[in-house]
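Counting convention: from 1, in listed order, for ligands and their atoms alike.
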Amino acid sequence: MSNWHWSSLLFCFLVPPTIVKLEEPARYHDTCILFTVRGSPLPTLRWFHDNKELTPNKYVHPDVDYYKDDIEGCLTFKNPTHFNNGNYTLEATNYLGVVTSSVHGHFLNMPFPDSVTAETPKPQEDAFGVFIAVGLATFACVILVILFLLINKYGRRSKFNIKGPGAVMNVEENSTSPLHHVNHGVISPCALDNGSDSVVIGLSRIPIIENPQYFRHGHNCSKPTTYVHHIKQRDIVLKRELGEGAFGKVFLAECYNLSPTKKMLVAVKTLKDLTLAARKDFQHEAELLTNLQHEHIVKFYGVCVDGDPLIMVFEYMKHGDLNKFLRAHGPDAMMLVDGQPLQTNGELGLVQMLQIASQIAAGMIYLASQHFVHRDLATRNCLVGNGLLVKIGDFGMSRDIYSTDYYRVGGHTMLPIRWMPPESIMYRKFTTESDVWSFGVILWEIFTYGKQPWFQLANNEVIECITQGRREPQQRLIIKDIQQKLFALMKAAPVYLDILG
Ligand code: ADP
């Protein structure tokens, strides 16, 4: 046997591992980190993500082909998100040695960059970069201020304050209202029929979403008149406090001259913050509510602007918000009188739960028909009246009383992440389909008698769980079909004695 044969035999049987190829993630059929490893005997492989060993799962796993003297493969990612960003290290081992090699993978930006910057200390070496960035930002600010002054001097404001195409603003940061009209995915206030019902929203900036009434009538850009009914202050007599909302306190009141039967009970919402922006929001909200009329949307009677505070007048829903109601009719609920248990309120049965759900679905079908995306559907935002009548009752966020239901992002934004689908959390994409997701969470709330979704998890863990779930909006049923299914279940369910008045 010649020397050549000996060395090649040795090469075949005794070769320490080498990683001959490890490429940055690239998109083929799936996203993939391609690699080739040599060694004899063939090495065993382990993967690490940011130094933590990777356990293969259906979202990240190696696909490997073994050949005579090398291993070729691909670390495969299915729909990677920002959670998959980081360093990927491949370790190859045989009894002659161990080698490692790393690549960096960047798949998606963090959905909430603001919220993490505070926690991520900047390395010292970045000081120069920071200095340059601050310099550039200052320069940009100066230019912006000059532009702003020029626009203010020479620019003309639209008569109805409608922003032009491409106008963006931090709606989340500034608006108290989560109810937004989705203008068929188009920012221009004039365009009407442009296909999809969705609007893709950037990571921290959201295209301005206009009052639906600007679009409802005709194709011109002028704002049709919405006559908000005005109620006189002397016609409202406050009786007692019902709760506290984002705008201000909510009271039970008697209202005169609203109906032919002289006086009626109403719920009045007060506006505590009288900034100009808050007044504008108030006006917007009132116009919007005036035009929303459906048996499963709370009735809006009008506004009272005679004095301070500003007031919105709604129909009074005797049993208050649905979350409280569910908790009060769960297995653990007790009526307490002077701190002593008195009686239970009566537990909700299956049929009643289905009745509650199908009424919310009916309200949602109406909202979808009006091209409204609610964005904050949850039991806390539904109201319960006599005879188990349920209505979607809140188009301003109940952030104050249910503050733990919201997650603060960056400075001011509060998001109801526990009710939000992956695409809303990651890209702030809010659509009729994202409302359907929230309805799924509402069903869970109803059937757990008002528990907080993911109650066992902290907000960041909730975000991780939901975004790893990856259920596509297209895979969701439409609300009409869901309502049909609820009706079918109701028909099939055994009938219990009605325990609620
Ligand atoms: P906001 O929208 O300003 O956050 P909410 O609508 O959440 O305020 O109101 C706060 C609380 O007031 C609710 O949780 C509910 O208990 C009570 N409430 C609000 N509207 C009504 C109503 N129409 N009828 C009876 N109670 C109401």
Side-chain angles (χ1 to χ4, degrees), residues 172 175-180 229 231 236 238-255 258-259 264-275 277-279 281-286 288-290 292-304 309-329 333 345 356 359-360 363 367 372 374-406 412-416 419 438 442 445 450 452:
E172 291 294 315
S175 172
T176 42
S177 165
L179 182 72
H180 298 284
H229 183 236
I231 297 165
I236 299 172
L238 299 186
K239 288 177 74 81
R240 67 179 163 87
E241 195 179 310
L242 290 172
E244 178 114 34
F247 280 124
K249 286 196 158 70
V250 183
F251 295 94
L252 173 68
E254 280 171 351
C255 192
L258 251 192
S259 78
M264 63 189 289
L265 283 178
V266 291
V268 303
K269 286 192 184 183
T270 57
L271 175 71
K272 59 185 171 195
D273 176 6
L274 283 175
T275 62
R279 272 179 180 271
D281 269 352
F282 180 87
Q283 178 65 24
H284 252 219
E285 199 93 351
L288 191 146
L289 288 164
T290 302
L292 286 181
Q293 289 172 25
H294 184 265
E295 55 190 311
H296 293 294
I297 303 289
V298 72
K299 256 196 214 108
F300 175 63
Y301 291 127
V303 294
C304 170
L310 300 180
I311 285 173
M312 281 185 179
V313 182
F314 291 89
E315 74 178 296
Y316 171 57
M317 301 287 283
K318 187 177 153 194
H319 294 291
D321 78 71
L322 175 59
N323 188 267
K324 229 186 309 170
F325 181 83
L326 289 168
R327 286 167 189 257
H329 293 89
N345 283 328
I356 292 171
Q359 292 179 75
I360 300 169
L367 289 181
F372 278 101
H374 188 289
R375 293 177 174 219
D376 194 18
L377 286 169
T379 57
R380 68 180 167 273
N381 288 332
C382 298
L383 290 163
V384 187
N386 266 336
L388 206 58
L389 176 65
V390 179
K391 301 192 179 193
I392 298 173
D394 193 2
F395 300 101
M397 286 206 182
S398 330
R399 290 164 177 166
D400 292 354
I401 36 170
Y402 288 100
S403 60
T404 56
D405 285 350
Y406 295 89
H412 307 287
T413 313
M414 299 279 276
L415 292 174
W419 284 260
S438 307
I442 285 181
E445 286 186 273
Q452 189 192 44

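- The residue among V266, D376, V250 with a heavy atom at the shortest distance from atom 12 (O) of ligand 1 is V250.
- G450 and R327 make their closest contact through O-NH2, 2.7 Å (heavy atoms, listed as atom of the first residue, atom of the second, distance).
- The ligand atoms of ligand 1 that sit less than 4.0 angstrom from a heavy atom of A267 are 21 (C), 22 (C), 23 (N), 24 (N).
- Checking only distances, K269 does come within under 3.5 Å of ligand 1, N or O to N or O.
- K324 approaches L242 most closely through the heavy-atom pair NZ-O, 4.4 Å.
- Residue contacts with ligand 1 for N381 are absent, since no atom lies close enough (heavy atoms, distance under 4.0 Å).
- Ranked by closest heavy atom to atom 24 (N) of ligand 1, the top entry among E244, M317, K249 is M317.
- Taking every heavy atom of L383 and a limit of under 4.0 angstrom, the matching atoms of ligand 1 come to 20 (N), 21 (C), 22 (C), 23 (N), 27 (C).
- The two residues L265 and Y316 make their nearest non-hydrogen contact at O-CB, 3.8 Å.
- Within the structure, ligand 1 lacks K318 among the residues with a heavy atom less than 4.0 angstrom away.
- Short contacts between ligand 1 and L242, defined as distances under 4.0 Å to a heavy atom of the residue, involve ligand atoms 25 (C), 26 (N).
- Using a 4.5 Å cut-off on side-chain heavy atoms (C-beta onward), L258 and H229 make contact.
- Interface atoms of ligand 1 facing Y316, defined by a heavy-atom separation under 4.0 Å, are 24 (N), 25 (C).
- Between L377 and W419, the shortest heavy-atom contact is O-CD1, 3.3 Å.
- For I392 against G363, the heavy-atom pair with the smallest separation is CD1-C, 3.8 Å.
- When all heavy atoms are compared, the tightest approach of I311 to I236 is CG2-CD1, 4.3 Å.
- With distances taken over non-hydrogen atoms, the option nearest atom 15 (C) of ligand 1 out of D321, V268, V298 is D321.
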